[in-house]
Amino acid sequence: MLKTQYFVSIVMMKNKMKTILFLMVTALLISCGENDEKSKNGNQVQKDHLILAIGGEPDNGFDPTTGWGQYGSPLFQSTLLKYDKDFNIENNVATDYKVNEDGLKWTVKLRDSIKFSDGKPLTADDVVFTFNTAKNSASVVDLTNLQKVEKIDRLEVQFTLKKRNSTFIFHLISLGIVPEHAYDASYNENPVGSGPYKMVQWDKGQQLILEANPYYFGKKPYFKRLTFLFLSQDAAFAAAKSGQADVVTVSPTLADEKVNGMKLINLKSVDNRGLVLPFVPNEGETVNGNPIGNNVTSDIAIRKALNIGIDREALVDGVLKGYGTPAYSIADHLPWWNPETEITNDGDLDKARKILEEAGWKLQNGNIREKDGVKAEFSLYYPANDQIRKSLSIAFADMVKPLGIQIETKGKNWNAIEMEMHSSAVLFGLGSHDPLELYNTFSSKARGRGLHNVNYYANDSVDAYFEKALQATSQEQANRYWKKAQWDGKTGFSNLGDAPWVWLVNLDHLFLIRENLVIGPQKVQPHEHSWPITDFIENWHWED
């Protein structure tokens, strides 16, 4: 025992020393570029260099054709279209787009005189190259429905789809344009683009230094230089306390600690956490030999009781320290969310018990319910290295014990979880600005495809609404069908209908920023990848 304690102490000391050493080196690096903070007469002025510690560096670098920017601004690159803070679609590189009557041909006109950060012009050739490269990348950028993309003239492109699909517009919103002339195997480490910033230096595992792109066609950013530090949350918090960072992400456990000169920014999100429940009974195995189905969670009474019996506000207050909101769906408060699915009376244990009793789930010895010889018990898996998911899993299991439902929580790595996710509950995190996430999660055509529809959910009415949403000729029309797929008054994939998931909470995205730094209004944040807080970074400035 003493040896173990000694070893742990030594490891903790080494980690602390590494953090201190890194912060010292960071301070030295930063100080080299901070001479602009004082005027010639020595008076302090506002610096035009921001230091940010807002998450880890992207595993695959900064290539949009393989996924960079899918959850936020690509920063180095520009997209054809973009969302404003209210999810209205605006032009960006494009000046206009049109969809023909059959919905298969999308024609996009480009701005003239846009240049990449190397001074070369952006033309239709670069758009064609970007989409073809992304289509062939076999990455998270799914362009399998793109039949072809072709240049009409120097500033006009036409996309032809294999099948009509209203969500194709998300690719125009999210896929940053890369330059054909400067794209090679190392592009992900040396990106060239037409976005507000260009890369100056990338010290892997340590920092990323950017400068304002002098050729940027949009609003010129106030800050001429950005330095991103790749720190753990504890080290980022230490950097904020020591004055070495201007913007840092913080966990709910640190959010209430006061830091001189800093203020807490609390951004609402659809970065949700929820339980996916196997929808079908135990019915065999996947082609890889992994079990499918669960005889407990396949009973709708179990799923309904779990949805109505848990107290989401208590989870927000207890696990998230109040920094979050109850989650009722996969897309709360997004344009395609059906607000009817909000549960106004959750935590109703009496109603949940009644649902179970009427369905034949009777309490037996040991206070576990049973029906037809099947006990109301199952396993709940979560990623072992995720403290919030662990806490949510344990709290959820405790909440449902009074219902006579026994849940065993198990922390595993993702390889182990993927072997169990078709037959056991899993605590997932989702949340996208693309409504196609609804289709991937609940369409019967997506069952068992990677991490899509892992619980084998199926509902013919839902599938029919999905097809109508995809076939829609406008986003407004599509959203009406996305909402009906959730609940049409009789059925749907929400808690009002089949209840194949139990949504728990939406995480607030928390940041400490300098007291006089203004970042302006933000969109509802997606799942936290690609630094979505930087979406409107050209609007950031010091308060007068």
Side-chain angles (χ1 to χ4, degrees), residues 55 71 233 249-256 264-277 303-334 337-349 352 380-401 403 405 407 409 411 417 425-433 437-438 441 455 486 493-496 499-511 522-529 532-533:
Y71 284 86
Q233 283 201 345
T249 184
V250 292
S251 65
T253 55
L254 294 173
D256 288 333
L264 181 70
I265 294 293
N266 184 352
L267 301 182
K268 298 303 176 185
S269 87
V270 68
D271 191 354
N272 48 52
R273 299 293 181 270
L275 275 75
V276 57
L277 301 173
R303 301 195 304 271
K304 290 277 194 179
L306 291 174
N307 265 285
I308 201 68
I310 62 163
D311 187 338
R312 291 168 176 81
E313 288 284 2
L315 292 174
V316 170
D317 293 339
V319 177
L320 303 183
K321 310 301 181 187
Y323 294 110
T325 55
Y328 306 108
S329 81
I330 193 172
D332 292 357
H333 303 291
L334 294 180
W337 173 55
N338 186 338
E340 292 181 54
T341 61
E342 183 172 347
I343 301 174
T344 57
N345 59 337
D346 69 354
D348 191 338
L349 292 176
L380 168 57
Y381 288 84
Y382 62 87
N385 62 349
D386 190 319
Q387 185 58 49
I388 286 179
R389 293 195 208 192
K390 176 181 179 180
S391 299
L392 285 171
S393 298
I394 294 170
F396 180 86
D398 287 341
M399 278 186 178
V400 303
K401 278 183 182 178
L403 297 178
I405 300 175
I407 298 177
T409 59
I417 291 173
V426 177
L427 206 152
F428 269 103
L430 296 173
S432 172
H433 289 163
E437 185 174 63
L438 278 63
T441 306
N455 60 342
Q486 295 161 63
F493 65 74
S494 68
N495 63 79
L496 293 175
W501 283 66
V502 183
W503 299 101
L504 303 179
V505 298
N506 298 306
L507 278 61
D508 287 353
H509 289 182
L510 304 174
F511 301 89
Q522 302 290 314
K523 297 196 296 283
V524 173
Q525 299 283 284
H527 201 55
E528 197 166 16
H529 297 299
I533 190 178

Quick one: does [X]'s side chain get under 4.5 Å of [Y]'s, heavy atoms only?
X: His333; Y: Thr325; result: no
X: Pro526; Y: Pro532; result: yes
X: Leu349; Y: Leu403; result: yes
X: Thr441; Y: Trp501; result: yes
X: Leu438; Y: Gln486; result: yes
X: Thr409; Y: Phe396; result: no

Mind listing the closest non-hydrogen atom pair of [X] and [Y] along with its distance?
X: His433; Y: Gln525; answer: NE2-C, 4.0 Å
X: Ala384; Y: Gly411; answer: CB-C, 3.7 Å
X: Asn506; Y: Pro326; answer: ND2-O, 3.5 Å
X: Val524; Y: Ser269; answer: CG1-C, 3.6 Å
X: Pro500; Y: Asn455; answer: O-ND2, 3.3 Å
X: Ser432; Y: Val270; answer: N-CG1, 4.3 Å

Roughly how far, to the nearest 0.5 Å, is the [atom2] atom of [Y] from the [atom1] atom of [X]?
X: Asp346; Y: Asn495; atom1: CG; atom2: CG; answer: 9.5 Å
X: Trp503; Y: Asn307; atom1: CH2; atom2: CG; answer: 10.5 Å
X: Leu254; Y: Lys321; atom1: CG; atom2: NZ; answer: 11.0 Å
X: Ile417; Y: Leu427; atom1: CD1; atom2: CG; answer: 9.5 Å
X: Glu437; Y: His527; atom1: CD; atom2: NE2; answer: 9.0 Å
X: Ile533; Y: Lys523; atom1: CD1; atom2: NZ; answer: 12.0 Å

Do [X] side-chain atoms and [Y] backbone N/O form a donor-acceptor pair below 3.5 Å?
X: Arg312; Y: Ala327; value: yes
X: Arg303; Y: Ala499; value: yes
X: Asp348; Y: Ile308; value: no

request  = Please say which of Asn266, Thr249, Asp271 ends up in a side chain to side chain donor-acceptor pair (under 3.5 Å) with His509.
outcome  =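 With His509 as partner, side chain to side chain donor-acceptor pair (under 3.5 Å) holds for just one option, Asp271.
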ask   = Who pairs with Glu342 by side chain to side chain contact (heavy atoms under 4.5 Å, CB included), at least two apart in sequence or on another chain?
value =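 Glu342: side chain to side chain contact (heavy atoms under 4.5 Å, CB included) contacts with Tyr328, Trp337.
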ask   = Quick one: which of Val505, Leu507, Asp508 gives a side-chain contact (heavy atoms from CB on, under 4.5 Å) with Val316?
value =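 Going through the options one by one, the only one that passes is Val505.
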key: Under 3.5 Å side-chain donor-acceptor pair for Tyr323 and Asp256   =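 The answer is yes; a qualifying pair exists.
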request  = Could you tell me whether the side chains of Asp332 and Asn272 share a donor-acceptor contact shorter than 3.5 Å?
outcome  =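 Absent: no donor and acceptor within the cut-off.
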task = Take Ile265 and Gln522 through the side chain to side chain contact (heavy atoms under 4.5 Å, CB included) test and state the conclusion after the steps.
result = CA-CA 11 Å; Ile265 294 293; Gln522 302 290 314; over 6 Å; no
key: Exceeds 12 heavy-atom contacts within 6.0 angstrom, atom NZ of Lys390   =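 Result for NZ/Lys390: open.
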